[in-house]
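Excluded from the calculations below are hydrogen atoms, water molecules and symmetry mates; all remaining heavy atoms, backbone and side chain alike, are included.
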Amino acid sequence: MEDKSYVTLFIDDDPQPLGTFPAPVSFDLDTKKLTDGPHLLKVVSKDHKGKEGIKSIPFIVRNGPAIAIEGIKKDEVVDGVLPLMINAYGKGDQKTFMLHGSETPQSIPFWFIVLLIAFAAWAAYYLITSGTITLFK
């Protein structure tokens, strides 16, 4: 047996490995062949004496279009009619950027409306109170 360690790569629970390589290895994992969602990369290494080490790395693939939903959150309790805003957009590829649909429009946050009302109230108060003071005689 050689004085080399070998690395075997597995995806999810597939008994067929992606490959076995002498260590150190540089490997390009093509996620386009995987379905969107959670996956597990399992790396099994064996040294020249036959001792084995295992490392599992969970990761999430999202090659499909991104989906953004405003108006409902995960596990939210709702009733009545829900106004939803749904946007789905692809990110193009690594060489080009798709401008159309790449931003998700959102409603104005509640805190901004409260801040705007408070500023308008302060401005009205300032105008009323400063108008009663005579600056020049």
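Grouping Ile, Leu, Val, Met, Phe, Trp and Tyr by side-chain contacts under 4.5 Å, direct or through others, leaves Leu116 on its own.
Ser5 and His48 get closest at one heavy-atom pair: OG-N, 4.5 Å. Taking each heavy atom of Glu76 and Gly71 in turn, the nearest pair found is OE1-O, 4.4 Å. Annotation for Val7 and Leu9: closest pair CG1-CD2, 4.0 Å, computed over non-hydrogen atoms.
For the pair Ile57/Lys55, a side-chain contact is recorded, criterion being any heavy-atom separation below 4.5 Å from C-beta on. Here the side chains of Ile117 and Leu115 are not in contact, with every heavy-atom distance at 4.5 Å or above. Put simply, the side chain of Phe59 reaches to within 4.5 Å of the side chain of Leu29, judged on heavy atoms.
Annotation: the span from Lys33 atom NZ to Leu18 atom CG amounts to 9.0 Å, rounded to 0.5 Å.
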Test log, rule side chain to side chain contact (heavy atoms under 4.5 Å, CB included), inputs Asp28 and Asp30: CA-CA 6 Å; Asp28 291 331; Asp30 187 5; over 6 Å; no
Stepwise side chain to side chain contact (heavy atoms under 4.5 Å, CB included) test for Ile11 and Leu40: CA-CA 6 Å; Ile11 292 288; Leu40 184 70; over 6 Å; no
Candidate pair Tyr6 and Phe21, rule ring-ring contact (aromatic ring centres under 6.0 Å, His included), full reasoning: CA-CA 6 Å; Tyr6 285 88; Phe21 310 97; 9.7 Å; no
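No single ILVMFWY cluster, assembled from side-chain heavy atoms under 4.5 Å apart, contains both Phe119 and Ile113. Linking ILVMFWY side-chain heavy atoms closer than 4.5 Å, directly or via other members, places Ile60 and Leu34 in two distinct hydrophobic clusters.
Around the CZ atom of Phe110, the shell of radius 6.0 Å holds no more than 12 heavy atoms that belong to other residues, nucleotides or ligands.
Sorted by first and then second residue, the side-chain hydrogen bond (donor to acceptor under 3.5 Å, both in side chains) pairs with a member in residues 8-26 read Thr8-Thr20, Asp12-His39; sequence neighbours excluded.
Listed by chain and number, the residues in a side-chain hydrogen bond (donor to acceptor under 3.5 Å, both in side chains) with Thr35 amount to none (sequence neighbours excluded).
Proximity of a side-chain donor or acceptor of Asn63 to a complementary backbone N or O of Thr31 within less than 3.5 Å is detected.
The cationic group of Lys42 lies under 6.0 Å from the six-membered ring centre of Phe10 and within 45° of the ring axis, placing it in a cation-pi geometry.
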